[in-house]
Amino acid sequence: MKPIPRILAWWHGREPRERLMLAVMAILVAAFVAWCGLLWPLRAWRESAGARYDRATIALQATEAEVAALTGSAASTPPASGEALQHRLLESVRDAGLAPSRQRSAADGAFMLEFEAVAPPALFGWLGQLAEGDGLAPASLRVERADGSLRAEVGFGGAAP
């Protein structure tokens with residue numbers, strides 16, 4: 001005899017009172033499994049997510065406060081502009097060991113530096129040093145791969161006298 005007909009025969013062999021009791025017991029076991037297997041872990045995950053959210057909010061507020069402090073200190077010293085900015089950029093390029101293939105002032109007052117073949121670590125290291133040391137960031141940046149190196153055009157706004 002196959003298992004399902006045997007189970008059905010067993011079920012029908014029970015008294016109605018026993019079948020009711022077994023059905024109620026099966027429902028209670030299913031509810032217990034649902035509670036322990038689904039709802040309890042979901043509640044724990046929700047509480048964990050809430051705690052992570054709170055920590056992230058505190059970290060964000062601390063970061064925003066640091067940015068505000070840095071912005072406030074940067075605002076107290078005016079950024080270099082015009083010829084002073086051009087000289088500072090050319091000095092930093094020399095210090096980084098880079099040699100621009102072309103430099104020009106655009107009509108909109110931007111100072112452009114072009115590099116024909118530059119190593120990626122050298123270019124991005126120089127830009128990182130400018131950002132960290134001088135608080136300068138390019139207004140425009142165009143980078144292309146060229147024979148294992150990069151071809152780049154870096155523009156700084158407001159640099160023309």
Looking at every non-hydrogen atom in both residues, tell me the closest pair between Val118 and Leu98 and how far apart they are.
CG2-CD2, 3.4 Å

Using 0.5 Å steps for rounding, measure from the CG atom of Leu89 to the NE2 atom of His87.
10.5 Å

Let me see the working for Arg104 and Glu114 under side chain to side chain contact (heavy atoms under 4.5 Å, CB included), right down to the final yes or no.
CA-CA 9 Å; Arg104 61 186 167 84; Glu114 295 179 20; 3.2 Å; yes

CH2/Trp11: more than 12 non-hydrogen atoms of other groups inside 6.0 Å:
yes

Salt bridge flag under 4.0 Å for residues Glu91 and Arg88:
yes

Nearest atoms (heavy-atom pairs only) where Pro41 meets Cys36
CD-O, 3.5 Å

Minimum heavy-atom distance between Trp35 and Arg43, given as atom pair plus value:
CZ2-NH2, 3.3 Å

Correct closest heavy-atom pair for Ala99 and Val93 would be N-CG1, 4.4 Å

Single-linkage hydrophobic cluster, 4.5 Å side-chain cutoff, Trp10 and Met25 together:
yes

Sequence neighbours excluded, every pair satisfying ring-ring contact (aromatic ring centres under 6.0 Å, His included) that has a member inside residues 113-145:
Phe115-Trp126

Do any side-chain atoms of residues 48-63 form donor-acceptor pairs under 3.5 angstrom with protein atoms, and if so which ones, sequence neighbours left out?
from	atom 1	to	atom 2	distance (Å)
Ser48	OG	Arg52	NH1	2.8
Thr57	OG1	Tyr53	O	2.8
Thr63	OG1	Ala59	O	2.8

For the atom pair CZ (Arg14) and CG (Leu20), what is the distance rounded to the nearest 0.5 Å?
14.5 Å

Where is the tightest heavy-atom contact between Gly155 and Met112, given as atom of each residue plus distance?
CA-SD, 3.4 Å

Determine which pairs satisfy salt bridge (charged side-chain N to carboxylate O under 4.0 Å, His left out) with at least one residue from residues 136-151, sequence neighbours left out, and list them in order.
Glu116-Arg151, Arg142-Glu144, Arg142-Glu153, Glu144-Arg151

Atom CG of Leu42 with >12 non-hydrogen neighbours under 6.0 angstrom:
yes

Please lay out, stage by stage, how Leu127 and Leu141 fare under the test side chain to side chain contact (heavy atoms under 4.5 Å, CB included).
CA-CA 10 Å; Leu127 290 173; Leu141 177 64; 4.2 Å; yes

